[in-house]
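Only one structure is covered here, and it is reproduced in the block below.
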Amino acid sequence: MEIERIDIYPTHEHRGYKLRPGKPYPFGATIVNGGVNFSVFSKHASYCTLVLFDKGASEPKVEIPFRGMFERPETKEPFWGDFRIGAVYSMVVFDLDPEEIEYGFRMDAPYDSAKKGEPGFHRFDHGNILLDPYAKSIGGREVWGEQPDWNDIYQHRARIVQDDFDWEDDRPLEIPMEDLVIYEAHVRSFTRHESSGVRFPGTFAGLREKIPYLKELGINCLELMPIYEFDEFENSRESPITGETLMNYWGYSTVGFFAPKAGFAAMGKSKDGTMVADELKNLIKELHLNGIEVILDVVFNHTAEGNEFGPTISFRGIDNVTYYMLTPEGYYYNFSGTGNTLNCNNPVVRGIVLDCLRYWASEFHIDGFRFDLAAILGRDQNGAPLPNPPLLEILAHDPILAKCKLIAEAWDAGGLYQVGSFPAYGRWAEWNGKYRDAIRQYLKGDMGLIGEMSQRLQGSPDLYSSRGTTASINFITCHDGFTLYDTVSYNDKHNDANGEGGADGANDNNSWNCGWEGETDDPAINALRKKQIKNAFAMLLTSQGVPMMLMGDEVARTKYGNNNTYCQDNDLNWLDWEKFKKHEDLYRFVRNCIAFRHEHYVLRNRWHLRNEDYVGSGYPDISWHGTTPWQPDWDGTSRLLAFMLCGKHARGGTEVDNYIYVATNMHWEGHEFGLPMLPDGMQWHVFANTGMPSPDDIASPGHEPRLEDQSRFFVGDRSVVILVGK
Amino acid sequence: MEVNVTTQGDVTIVDLSGDIDGRTSPQAQSVISANLSDGVKLLLNMTQVPYMSSAGLRMLLLVYRQIIAKQGKVVLVGLSEDLQDTMAATGFLDHFDTFGTVEDGITHLNA
């Protein structure tokens, strides 16, 4: 027999709705015995009402003030009430069906409020219905691309979610950082193409159907581009070239930090927020069952509310000066390049960021987070970089986030570039932009890179000496910029389809088209491109640090030279699964390289190599070689570098592994490399040689053929060779 | 929402009819729970259920847990394609054996 709570009886009434003072914590809408607890913060509002809608209704069913005249439920006697503690308005409304309602807030304050387009500190407007910043589900855009009702007075509608998903024994996987192979993907892009063959293309459920593909490829961490609710119609416009609608496709513009993007769920159309959440949780549970972690790409640097001219959705109508960085004149600072900047080091905003990450880690079992334009998280309320940013420190030391991966995109659009110097607190890793740049330059045959390459291949000890290799997320491609195929097929970006006159997107692509700009029938060029892609993967997957690959690079995905497809809901972003048939050899190469990495501890050291022998094997943990063993050519004109990893030094000498030798020749001529001698009884075997056509380009890990001439190896032009000594 | 309970041999058949949502699932659950004995063989006939909300899905999972606790068995019969999709996407389908007809469901329960 359960003992009933004594707070399940109403104390107040308003227009027939039974009420009670609520609890300020947790913020947002929480299902409680007999009703729903609503709680919202505003430091500057003096007036707040709860606005309730029947789901999808154009007009509210009732507005309930948080302070004002109420009636006593028993006697209907009027009396004054105030549901506020500190700067938090909270009340319980009884007898609501959480599935059937949507809610918002209306706020006002006795301040001058700035008009649209004008600078100002407060943007209270009694006419707006405001989305709860803590909304766990948001309606209004629940079916991707379906034209919304622009006359709706409440565009992004907060819904209530049941948080009792049955996870059974699932929990975050806590795979050691050094063992990760990350695959960056966009939920819709992954299965939207008709060739995906899934039941619900472009959704969480569709992605779930493709888990076997990811598992076979061998990745063990899926990094999802933004899945927080965003508005694909933000700044939507017609393409001047194709007439298609250009959208906020990638989703780097958050509407609500706690709600999964309903339009990414097959269940979005049900308008049932709990089902949307369940669908995503079911995906994560299944990924975990298959040994794959989930990292979310989170955007805390700005919101979808834009600049002075932007829409009032939530934050700016609730407490503009708290949530946004403002200039002394009341303009929005624009360190994000998108109109506004979230005021991340305001204590209240720090709180919501922390609450948000805790929610995703605990409620959705998320394994880690990648922070978009994370340098902004280290700026103070006036935009100046902080030496010891409290937000970054809090996240690094938070108990619930203690095992989560924290990865920074360590720069912002305001010119703050912190690769190698991001405040790490022993936790933070970084997208290593310098790795990307160096590998791309080396790949296309630039000179003067041998010294830098030796750093990048070792996990960039020049950048992360005290933090270890796992501070370095090694990547050659990501959603920003060219795909790997385009990196070897285009010298210049071709962004006309984005409708910005081709001016958008980065210009420092460090790419080389192999002799022809774009698609070609020339078999020699196509063969070279494929070899270059294999070279890139061979280097990425034998580098110390944490490799990250971009969705589709394993099957030569192209965006036809567009290096900024943020607005393209079409083949420029969608993965064409037919490519798999055309590039099965490339897929096999990548799969085997990943398997090889998983097989060998010596490729996955947590701490930087020391370039010395400290276990008495007679070999340094890593040694450098040129065409003559033990004599690397550090000359400024060199395009060759080889290294050998000593198996007895794997993981600081705690594991025994094979010896691995990797020769990279980015010269346009082949070179013979003399091989270092192995310890007695060991022989070189050939795992990969990108100079050979498939299937001789790569072996199955563990089944490498023995090398006939143990003293030398001819490495073809622009080729990478990987040998195993065992 | 209507809930009818009949038996066929030692199989308990619950015919559900109407939407199962936040409003109706408590009623369905209380009727079903009242018919769960140890080792129960339960057939939920969903042929007349056009729609289930997340509350409906939760009701089914609760029933499933109760039946497992009583060492019983449960099957779902006559799920519409829509409901199959919903239950598959949200993961609830993983817990249930489903059949097209009452006869097939009974055969499985008696196997």
Side-chain angles (χ1 to χ4, degrees), chain A residues 31 34-36 54-55 95-101 136-137 159-168 170 191 198-209 211 260 262 264-289 364-365, chain B residues 1 16 18-30 32-34 36 42 44 46 49-74 76 79-98 100:
Chain A
I31 298 171
V36 179
D54 284 323
K55 196 174 273 181
D95 305 321
L96 293 178
D97 183 345
E99 284 188 350
E100 292 302 322
I101 62 159
K136 306 297 192 299
S137 163
R159 291 175 180 162
I160 299 165
V161 167
Q162 286 276 6
D163 60 0
D164 60 347
F165 181 78
D166 189 358
W167 285 100
E168 299 177 282
D170 180 78
T191 64
V198 300
R199 180 104 172 97
F200 296 106
T203 64
F204 299 127
L207 207 168
R208 181 169 176 255
E209 269 191 65
I211 291 174
F264 280 169
M267 290 298 109
K269 65 177 189 298
S270 72
K271 297 183 187 290
D272 185 321
T274 304
M275 278 198 201
V276 170
D278 284 351
E279 181 178 330
L280 174 56
K281 289 170 180 174
N282 189 38
L283 165 65
I284 295 165
K285 188 177 173 185
E286 189 77 13
L287 283 164
H288 283 173
L289 265 175
F364 284 83
H365 293 194
Chain B
M1 164 105 244
L16 297 155
D19 291 346
I20 312 180
D21 55 22
R23 204 168 41 80
T24 58
S25 59
Q27 176 207 350
Q29 189 180 353
S30 71
I32 296 169
S33 297
L36 302 181
L42 188 78
L44 291 174
M46 313 284 289
V49 177
Y51 170 78
M52 263 196 296
S53 73
S54 48
L57 297 175
R58 278 160 171 69
M59 186 275 290
L60 284 189
L61 191 60
L62 281 169
V63 166
Y64 167 80
R65 295 275 175 228
Q66 288 174 341
I67 289 172
I68 294 303
K70 291 175 183 290
Q71 274 89 45
K73 283 160 80 173
V74 59
L76 300 182
L79 286 173
S80 70
E81 199 178 338
D82 256 9
L83 284 186
Q84 289 256 14
D85 286 344
T86 299
M87 291 185 68
T90 51
F92 287 84
L93 200 58
D94 295 345
H95 298 288
F96 295 96
D97 292 316
T98 61

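Note on naming: letters A, B, ... go to the chains in the order of the sequence lines (proteins, then strands), and numbering restarts at 1 for each one. The model shown is predicted, which means the values in this text are computed figures rather than measured ones.
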Heavy-atom contact with chain B under 4.5 Å, split by part of A:Phe200: side chain

Could you pull out the closest heavy-atom pair between A:Met275 and B:Thr90, with the gap in Å? O-CG2, 3.7 Å

Partner residues of A:Glu168 under the side-chain contact (heavy atoms from CB on, under 4.5 Å) criterion, sequence neighbours left out: A:Asp166, A:Lys285, B:Arg65, B:His95

So A:Asp95 and B:Arg23, salt bridge (Lys or Arg N to Asp or Glu O under 4.0 Å) or not? Walk me through it. CA-CA 11 Å; A:Asp95 305 321; B:Arg23 204 168 41 80; over 6 Å; no

Gap separating the CG atom of B:Asp85 from the OG atom of A:Ser270, nearest 0.5 angstrom: 12.0 Å

When the 4.5 angstrom heavy-atom criterion is applied to B:Asp21 and chain A, the contacting part is both

Using 0.5 Å steps for rounding, measure from the CE atom of A:Met267 to the CG atom of B:Leu57. 9.0 Å

Is it the case that the side chain of A:Asp272 and the backbone of B:Ser53 share a donor-acceptor pair, with hydrogens and angles ignored and the cut-off at 3.5 Å? no

Can you tell me which portion of B:Met52 sits under 4.5 Å from chain A's heavy atoms? Options are side chain, backbone, both or neither. backbone

Between B:Ser54 and A:Glu99, is any side-chain donor less than 3.5 angstrom from a side-chain acceptor? yes

With sequence neighbours left out, the residues meeting salt bridge (charged side-chain N to carboxylate O under 4.0 Å, His left out) with B:Asp97 are none

If you tally heavy-atom pairs under 4.5 Å against chain B, which of A:Val276, A:Asp97, A:Thr274, A:Asp278 wins? A:Asp278

